[in-house]
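Remarks on the structure that follows.
Note that the structure is predicted; figures quoted are calculated from it, not measured.
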Amino acid sequence: MKNLTIYLLLLLFVTFTISCSSDNDIEPTIENLKNVTDCELPIKPSTAIAICVDGTDFALPDETIKFVTTFYSRNDNPTNTKFLWTIESGNMEVLNLENSIDGLIAKSIATIKFNSDYSGNGVIKGEAQNNTGSGSATHSIELESN
């Protein structure tokens with residue numbers, strides 16, 4: 001009977017330990033809530049070329065945020081799409097690009113670093129080009145007030 005009590009307590013302890021969440025769980029932060037990995041690209045039967053750029057409208061110095069551009073070009077394979085991201089204005093830099101294909105849509109996610117002296121008036125430009133067409137779009141990012 002004594003062994004049974006010990007085993008029950010041990011089982012209860014193990015169950016309790018496993019069921020509790022860890023303090024190391026990833027908590028959402030303001031920064032990762034600003035990340036955007038998709039933008040609405042309405043395509044109708046008459047659409048020949050479509051492009052969009054989306055992301056947060058406000059950023060702080062020293063933030064790193066993801067922005068997205070998607071591109072559609074009728075009669076072309078999206079795997080032929082080449083993306084180019086440029087900083088038109090504002091003290092930012094492109095750290096990383098992740099390109100992918102979703103059906104007939106080509107997508108590029110850019111990780112943008114807002115430098116420590118970022119003071120707003122930022123504009124990023126996403127460009128896409130393939131064998132049958134090209135397009136570009138810009139997105140403005142202002143300085144977020146604390």
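Residue G103 comes nearest to P78 through the heavy atom pair O-CG, 3.4 Å, listed as atom of the first residue, atom of the second, then distance. Scanning both residues, G133 and F71, for their nearest heavy atoms gives O-CZ, 4.0 Å. Contact record, G55 with F67: CA-CD2, 3.4 Å, taken as the closest heavy-atom pair.
In terms of modelled atom types and a separation under 3.5 Å, the side chain of K107 and the main chain of T69 share no donor-acceptor contact. Using a distance-only test at 3.5 Å, with no hydrogens or angles considered, a donor-acceptor pair links the side chain of T56 to the main chain of F58. The closest donor-acceptor contact from the side chain of N130 to the backbone of T132 lies under 3.5 Å.
If you chain together hydrophobic residues whose side chains sit under 4.5 Å apart, F83 and I124 never meet in one group.
Note: N35 CG to E63 CD = 9.5 Å, rounded to the nearest 0.5 Å. One finds the CD1 atom of I87 at 4.5 Å from the CE atom of M92 (value rounded to the nearest 0.5 Å). Taken to the nearest 0.5 Å, the CD atom of Q129 stands 10.0 Å off from the NZ atom of K82. Between the CZ atom of F114 and the CG atom of N91 there is a distance of 10.5 Å, given to the nearest 0.5 Å. Rounded to the nearest 0.5 angstrom, N115 CG and I112 CD1 are separated by 10.5 Å. If you take CG on L33 and CD1 on I65, they are separated by 10.5 Å, rounding to the nearest 0.5 Å.
Looking at heavy atoms from C-beta onward, D62 lies in side-chain contact with K113 at the 4.5 angstrom threshold.
Here N96 pairs with nothing under the side chain to side chain donor-acceptor pair (under 3.5 Å) rule; sequence neighbours left out. Under the rule for a salt bridge (charged side-chain N to carboxylate O under 4.0 Å, His left out), the partners of E98 that lie at least two apart in sequence or sit in another chain are K66. For the side chain to side chain donor-acceptor pair (under 3.5 Å) test, no residue two or more places apart in sequence or in another chain qualifies with N121.
Exactly one of L104, N131, T81 qualifies for a side chain to side chain contact (heavy atoms under 4.5 Å, CB included) with D76. That residue is N131.
Residues in residues 133-142 take part in these side chain to side chain donor-acceptor pair (under 3.5 Å) pairs, two or more places apart or across chains: D57-H139. Within the structure, disulfide (SG to SG under 2.5 Å) contacts touching residues 65-100 (residues at least two apart or in different chains) do not occur.
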Using a 3.5 Å cut-off and no angle test, enumerate the donor-acceptor pairs between side-chain atoms of residues 36-52 and protein atoms at least two apart in sequence or in another chain.
from : atom 1 : to  : atom 2 : distance (Å)
T47  : OG1    : K44 : N      : 2.9
T47  : OG1    : K44 : O      : 3.3

Verdict with supporting geometry, L97 and W85, side-chain contact (heavy atoms from CB on, under 4.5 Å): CA-CA 9 Å; L97 296 179; W85 287 86; 3.1 Å; yes

